[in-house]
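The block underneath contains the structure these notes are about, expressed in C-alpha cells.
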Number of protein chains: 2
Amino acid sequence: MSVSIRDVAREAGVSVGTVSNALNDPDRVAPGTLQRIAETIERLGFVRNDAARQLRAGRSKAVGLIVLDGANPFFAELALGAERRADEFGLSVLVANADEDPQRERILLNLFEEQRVFGVLISPLVVDVETLRKLRDRGTPVVLVDLTSEDKSFSSVSVDDFAGGKFVVQHMVDRGCRKIAFVGGPLIRNQVAERLSGARAAAESADLELTVVETLGMTVDEGRAIGEKLVKMPKDQRPDAVFAANDLLALGIMQAVILDGQLSIPGDLAIVGYDDIPFASTAIVPLSTVRQSPALIGSTAIELLYSEAQNESDAIRQLVIQPELVIRESSLR
Amino acid sequence: MSVSIRDVAREAGVSVGTVSNALNDPDRVAPGTLQRIAETIERLGFVRNDAARQLRAGRSKAVGLIVLDGANPFFAELALGAERRADEFGLSVLVANADEDPQRERILLNLFEEQRVFGVLISPLVVDVETLRKLRDRGTPVVLVDLTSEDKSFSSVSVDDFAGGKFVVQHMVDRGCRKIAFVGGPLIRNQVAERLSGARAAAESADLELTVVETLGMTVDEGRAIGEKLVKMPKDQRPDAVFAANDLLALGIMQAVILDGQLSIPGDLAIVGYDDIPFASTAIVPLSTVRQSPALIGSTAIELLYSEAQNESDAIRQLVIQPELVIRESSLR
DNA sequence: ATTCAAAGTTGAAACGATTCAATTAGGCAC
DNA sequence: GTGCCTAATTGAATCGTTTCAACTTTGAAT
C-alpha cells in the first residue's frame, strides 16, 4: 500500500542505506545520487514513517505536556512558551488536557509513556510522587510546572504563590478594605493553598480575618454561582473585597455582581484575580490580577527537561518565579 | 534498557505470542497464564511500545487537528468537542497550532502524515486543495472544519457564515444603525469573506453602504489598534455600528473605545462580534455575537472522518450548521 | 606502478509488537 | 485404546527505518 524506503531504493537504483543517508545526512551522498533519490521520492510520493524511525531511535522527539484545564488561556500561553523553546531544541510539544480529572491524568501519562516521549511536563492536581517516580525510573524525565515538588526530587518551575497571595491582600488592605474573602479551590491544589497561605499571612499582619470560600473548580460558571450568593448577603456580612484564586473565577463573580446591579465595583466590592489572562483587561471592569508569565514557565520547563535528559550533574532544580501584581480598575478605590 | 514483551515472555515462561494475546485478547489465554503474565508485567514495569505497535498496525489511532489560532477559545472548544467524540470511537486527538502561518500549517500536515495518523481535521487559511488531495490519495482521510470545500471533493463541517453575517447587519439595521462598518481579515480567509458577503447582502437590501476595514489578523491587539483609529475619526465619518469578524477583534475594539472615554457603547457605537467565546459575556459591555457551536463542529467532524476512513459509500459530505445571533448589551440601543 | 586515504555505497542486523499457520494438550465419546 | 474436537500455546515472519562494519571506487602522492 504505502511507499517505503525500499521502493525508493529500488526505483532509484541504490541501496536502502543510501536513501536513508540522503534523508538524514545528505553530505555523505554524492550530489548526482542525491538528485536522483529526490526525484524518485517526489515521483513515488514517499513519506517517512515516523513509527519505524522511533522504534529504531528508542525515544521520540516529542515532549508531552499535560495541562489541568485546556479552556484556561493561562495554559494556552504556557503551551505556546513551551513550544517556542522546544523548537530550538528540535523537539515538538504534544498538549493533552486532563480536564481537572485525576483519572484522565493517569491515562494520559500512560499514553505518553507508551509513546516513549522525550519527557513529560505536568501540572498535576496533586503530585502523585510515586507514579511519577516510577515513570522517571523507567527512563522518562519529568518536570513539574506551576507547582513545586515538596521533596525536591523533581525539577519544577513554579511561581511564588505565597508571595502572590500576600501581594493581593496587602494591596487590598492599603486600599482600605477590611473584610476580605478568599475564593478558590479545591484546597488540595497546591497552588491554591499557597495563595491562601500568603493571603492569610498578609491579613494577619494587618490584624484582619480572612473569610475562605472553597470551590470545587475554578471556572467562569463557578464564579457566577459564587457571585449570585454574594449579592444576596446582608450588608454587614458581605465582604468588601474578594480575592479569587484565578481570573476565570473572578470574571464570573464580577459578571454576576454587575448583572445584579446592586453593588458597584470597586466601590462596594473590590475584586482581584490571578493569572492575568488576556481577557482580564477587557472585562466589564478591568480586572486587577497577578501576572505569572506563563510563557516563561513553559519555556523554562523545557530547558529543565532538556538538562535532565542530558543527565547533567545539577539537572534537578526547583525554579521559582516571582509574580507581579497588576492593578487595574476592579480594585482601585 | 527498556523492558520488552520478550523479557516478559521469558520471565513468565511463555512465548511472546501469548503475552501479546494476553494484552490484546485476554479471552484466548488461560486464566492462570493470564495471571502470571500480569504479575510479571507489574514486576518488570513493562510498558507497551506504541511505535512498534503502530509500525505493525500501519496506522495510528490518533487524529490530527490543525487549528488556525490556538489562543482563540473558539478552537479550544472545538478541540474539546472533537476529543469527546473521538473517545467514543477509540481515537485520540492531537491538537497542533498553525498560529495563522501557512508554512507552519504545511509542516504540521507533513508531521501528521509521517505519523500515519488516522486522519486529519484542518481549518486551513486558504484551502490548498492540491496538497490535501495528494495527502488523501496517499491514504490519510481529510475533513475540513469551519470551512466549506468549494469543489465538494472533501468532507467538511462548517457554519453558514453568509447567514451569520446577514443576521448581524439585519439586526443592526433594525436597531436604527445607518453607517455600518465591517472589520476583519484577511479577506482571503473564506470564513471572513463569507461573513462579509452576508453583511453586504443585508446592507444592500436596506439600501445602505457598508464600510470595509480589512485586517491582517483577528486578535485582541489588532482590535485595539482599530479601536484607537476609530475614536479619532470625525463624527460625520465615524460608523455608528461595527461588525467585527470575530470576538477577539470586537473585544479589542471595545476596550480601546471605552478607554478613550469619548464614545458610549452601544449609544454612539454598536458592536457585534462573532464566535460567542466564553469571554464575550464577561466583557466591559457584554458583547452581542454569533454563536457557532464549536463543540458541535468538532464532534461532527470526527464522525465524518470516521465514515470516510470506513470507506462508506456516501462518505463525502458537506455539512452546514446554522449559526445563531446572540444579542447582548453592546448592540442594544 | 604502487600505495593509501577519502568518499560513496552496500546490505544485514537491529528496534518491539502483532499475526497466523502450525503444534500440543486435554477432554470426551465410542 | 482410538479418534476427534476444542482450547491454548508457539515462534517465525513482518512492519520500515537506521546504523555500521565492510566493501568499492576514485584520485592524489610517491
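Here is the naming used below: chain letters follow the sequence lines, and residue numbers restart at 1 for every chain.
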C/dG8 OP1/OP2 closer than 4.0 Å to side-chain N/O of A/T33: no

Sugar-phosphate only, base, or nothing, as touched by B/D50 at under 4.0 Å among non-hydrogen atoms: nothing

Sugar-phosphate, base or nothing in reach of B/V19, heavy atoms under 4.0 Å: nothing

Residue whose nearest DNA chain C nucleotide is more 5′ - B/S20 or A/D27: A/D27

Short side-chain to backbone donor-acceptor contact, B/T40 and B/R36, under 3.5 Å: yes

Under 3.5 Å donor-acceptor, B/Q318 side chain and B/V157 backbone: no

Euclidean distance, atom CG of residue B/D7 to atom C1' of C/dG16 [Å, nearest integer]: 10 Å

Candidate nucleotides C/dA12, C/dG16, D/dT10, ranked by approach to the side chain of B/V14 - the nearest: D/dT10

Under 3.5 Å donor-acceptor, A/R59 side chain and A/G139 backbone: yes

Rounded interatomic separation in angstrom, taking CG from A/N24 and P from C/dG8: 17 Å

For atom CD of B/E114 and atom P of D/dG16, their distance in whole Å: 15 Å

B/S158 backbone acceptor or donor facing B/S156 side chain under 3.5 Å: no

Heavy-atom donor-acceptor pair, A/R56 side-chain to D/dT17 base, under 3.5 Å: no

Spacing of B/D25 atom CG relative to D/dT9 atom P, expressed in whole Å: 12 Å

B/T18 side-chain proximity, nearest of D/dA12, D/dT10, D/dC15: D/dT10

Residue B/V16, side-chain heavy atoms: nucleotide from C/dT18, C/dT9, D/dT18 that is nearest: C/dT18

Listed nucleotide nearest any side-chain atom of A/S15, set D/dT18, C/dA17, C/dT10: C/dT10

Nearest-neighbour nucleotide for the B/S4 side chain, C/dA17, C/dT18, D/dT10 considered: C/dA17

Interatomic distance where CZ belongs to B/R116 and C1' belongs to D/dG16 [whole Å]: 9 Å

Separation of atom CD1 in A/I37 from atom P in C/dG8, rounded to whole Å: 13 Å

Distance-only donor-acceptor test, A/R53 side-chain atoms vs D/dT17 base atoms, 3.5 Å: no

B/E308 side chain vs B/S155 backbone, donor-acceptor pair below 3.5 Å: no

Integer-rounded Å distance: C/dG16 C1' and A/R59 CZ: 14 Å

Closest to the A/R6 side chain, choosing from D/dG16, D/dT9, D/dT10: D/dG16

Donor-acceptor contact present, side-chain A/N72 to main-chain A/D69, <3.5 Å: no

B/I5 CD1 - D/dT9 C1' separation (whole Å): 14 Å

Presence of A/N21 side-chain N/O under 4.0 Å of C/dG8 phosphate oxygens OP1/OP2: no

